[in-house]
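Accompanying notes for the structure given below.
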Amino acid sequence: MSEPVWGPVHRDIVDLLADHPADVPAVVDHLTKLQDLLVRMPPLLDSCPLADFNKLYLTITTTVLDGLYDDRFVDPVFLSRLDVEFAARYFDAMRLWTDSSAGTPKAWSCLFERMHGPDARPLPSAAAGVNAHINFDLPFALVTTFDHLESEPMDGSDQHRDYLEINNIFAEKIPQLRRGYLERWQLLIDMLNGDIDDWYQGELVDYTRDVAWRNAQKIWQCRHDPAAHECERNRLDSTAAALGRLLLSPLGAFLQ
C-alpha cells in the first residue's frame with residue numbers, strides 16, 4: 001500500500017480541504033491551519049517546499065483582509081470574491097493531488113512533487129508557488145469572479161484599480177519575506193545590492209500580475225467556447241509548469 005500523499009498529516013489535510021472557505025477570514029483561517037500542518041511533513045519538516053509558498057500566501061492574504069477592514073479598496077465586494085475564488089483554485093489543486101488525479105495542474109505538480117525531497121531551497125519554492133498561483137490560477141479566478149458579479153475585466157475600472165492595489169501590498173511585504181528565505185551568503189549579497197533586488201522583484205510582480213489581467217481579458221472573450229477555453233487553460237498551465245520547473249532546478253539556487 002502506497003504512503004499517503006501528505007504523510008502523517010494526510011487525514012488532517014484531507015479534512016481541512018473538505019471545507020470550502022466562503023469569505024476572506026475563512027481563507028486566512030484555512031491557510032493558517034494548513035501552514036501548521038505542512039511544517040510537520042517529513043522528511044523535510046520545517047523545510048517543506050509547499051509550506052514556503054503557503055507562508056508567503058498567508059502573509060499577503062492577511063494583509064488583504066486588513067485592507068478590507070481598513071477600507072483600503074474601492075470595491076471590497078470584488079476584492080473579497082476574487083480572494084475566495086483565487087484561494088479555491090489553490091485548494092482545488094491540492095485536492096486533485098491528494099486524489100492522485102491526472103487533472104492536477106502541471107503548474108502545481110512540479111512543486112507538489114518536491115514535498116518528499118529532494119530538498120528545494122525556500123525562496124525558489126516560494127517563487128514556484130507564486131508562479132503557479134499568479135500565472136495559472138489568477139486569470140481564471142478573475143474570470144470566475146467577474147462572471148459571478150456580472151461585470152467584466154475593464155482597464156481603469158474600480159476593480160482594476162483595486163487589483164493594482166494588491167501590487168502595493170506585495171511591495172510592502174515581499175522584501176521582508178524574501179530576506180527570511182535567504183541563507184547567510186545570499187543575505188550578504190543582498191546587503192551589497194542595496195534596494196536593487198527589492199526593486200526588480202517589485203517590477204516582476206507588477207509585470208506578472210499585469211500579464212494575468214491581460215490573460216483574464218482574453219479568457220473572458222472565449223469563456224462560452226469550451227474548446228477555446230481549454231486551449232487557454234492548457235497554454236497557461238504548460239507555460240507556468242515550464243517556469244516552475246526552472247525555478248526548482250539547480251538554477252533556482254541562485255535566486256535571491
Side-chain angles (χ1 to χ4, degrees), residues 19-34 53-93 105 107 129-177 198 201-225 228-229 232-233 236 240:
D19 186 26
H20 294 70
D23 53 30
V24 183
V27 171
V28 169
D29 182 67
H30 262 59
L31 292 173
T32 300
K33 291 175 179 175
L34 181 58
F53 162 71
N54 196 80
K55 179 175 70 173
L56 183 153
Y57 187 25
L58 173 58
T59 299
I60 298 298
T61 307
T62 301
T63 308
V64 170
L65 178 59
D66 291 341
L68 289 167
Y69 288 145
D70 295 337
D71 297 324
R72 181 169 184 168
F73 306 108
V74 179
D75 189 345
V77 173
F78 162 74
L79 240 297
S80 297
R81 185 72 191 191
L82 177 59
D83 196 279
V84 170
E85 295 289 346
F86 193 33
R89 298 191 68 85
Y90 171 46
F91 296 134
D92 284 347
V130 170
N131 160 65
H133 209 26
I134 292 181
N135 287 323
F136 178 63
D137 289 341
L138 185 53
F140 295 100
L142 281 163
V143 169
T144 305
T145 298
F146 280 112
D147 192 46
H148 175 82
L149 298 176
E150 298 181 345
S151 183
E152 61 181 294
M154 294 178 56
D155 292 354
S157 63
D158 287 345
Q159 293 83 6
H160 190 215
R161 284 190 284 272
D162 281 345
Y163 178 82
L164 295 177
E165 182 62 23
I166 301 298
N167 294 356
N168 295 328
I169 289 178
F170 271 94
E172 293 165 11
K173 297 297 179 179
I174 287 297
Q176 182 177 356
L177 277 168
D198 293 337
Q201 291 197 0
E203 290 294 307
L204 183 60
V205 167
D206 290 355
Y207 172 78
T208 304
R209 295 189 79 254
D210 182 64
V211 170
W213 179 268
R214 302 300 164 202
N215 281 325
Q217 291 177 319
K218 186 175 182 180
I219 296 166
W220 180 261
Q221 298 301 321
C222 68
R223 68 191 184 282
H224 299 307
D225 182 338
H229 187 276
E232 284 302 300
R233 194 197 72 80
L236 294 180

Give me the one residue out of Leu56, Thr63, Thr62 that meets side-chain contact (heavy atoms from CB on, under 4.5 Å) with Ile60.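 So the option named by the test is Leu56.
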Side-chain donor or acceptor of Asn54 paired with backbone N/O of Leu31 under 3.5 Å: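 Yes, because the side chain of Asn54 sits within donor-acceptor range (under 3.5 Å) of the backbone of Leu31.
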Donor-acceptor pair, distance only, cut-off 3.5 Å: does the side chain of Asp75 make one with the backbone of Gln159?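 No.
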When rounded to the nearest 0.5 angstrom, what distance separates [atom1] in [X] from [atom2] in [Y]?
X      : Y      : atom1 : atom2 : answer
Phe170 : Thr59  : CZ    : OG1   : 10.5 Å
Ile174 : Asn167 : CD1   : CG    : 11.0 Å
Asp70  : Leu65  : CG    : CG    : 9.5 Å
Glu152 : Arg223 : CD    : CZ    : 7.5 Å
Asp162 : Leu82  : CG    : CG    : 10.0 Å

Can you sort out the partners of Glu165 under salt bridge (charged side-chain N to carboxylate O under 4.0 Å, His left out), two or more places apart, ordered by chain and number?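 Once residues adjacent in sequence are excluded, the partners of Glu165 under the salt bridge (charged side-chain N to carboxylate O under 4.0 Å, His left out) criterion are Arg72.
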Phe86 vs His133 aromatic rings, parallel, tilted or perpendicular, using cut-offs 30° and 60°?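 Ring orientation, 0 to 90° scale: parallel.
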Side chains of [X] and [Y]: does their closest heavy-atom pair fall under 4.5 Å?
X      : Y      : answer
Val27  : Tyr90  : no
Asp147 : Thr144 : no
Ile219 : Leu236 : yes
Phe73  : Arg161 : no
Val84  : Thr145 : no
Asn215 : Val211 : yes

Taking every non-hydrogen atom, the tightest pair across [X] and [Y]:
X      : Y      : value
Ile134 : Leu138 : O-CB, 3.3 Å
Ala212 : Leu142 : O-CD1, 4.2 Å
Arg233 : Phe140 : CA-CZ, 3.4 Å
Ala132 : Ala107 : CB-O, 3.5 Å
Pro25  : Tyr69  : CG-OH, 3.7 Å

How would you list, by chain and number, every residue that makes a ring-ring contact (aromatic ring centres under 6.0 Å, His included) with His148, sequence neighbours excluded?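 Here no residue qualifies.
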Between Asp92 and Arg89 (salt bridge meaning N to carboxylate O under 4.0 Å), is one present in this structure?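 Judged by the 4.0 Å cut-off on N to carboxylate O distance, Asp92 and Arg89 do not form a salt bridge.
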Give a yes or no on whether a salt bridge exists between Asp155 and Arg214, defined as a side-chain N under 4.0 angstrom from a carboxylate O.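 Result for this pair is yes, salt bridge flagged.
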Check whether NZ of the Lys or CZ of the Arg Arg209 lies under 6.0 Å from the centre of the six-membered ring of Tyr163 and within 45 degrees of that ring's axis.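 Yes, Arg209 sits over the ring of Tyr163.
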Show, in sequence, the C-alpha distance, side-chain angles and deciding distance for Phe91 and Leu34, and conclude whether the side-chain contact (heavy atoms from CB on, under 4.5 Å) test is met. CA-CA 10 Å; Phe91 296 134; Leu34 181 58; 4.1 Å; yes
Can you confirm whether or not the ring centre of His160 sits under 6.0 Å from the ring centre of Phe78?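 Between Phe78 and His160, which both carry aromatic rings, the centre distance is not below 6.0 Å.
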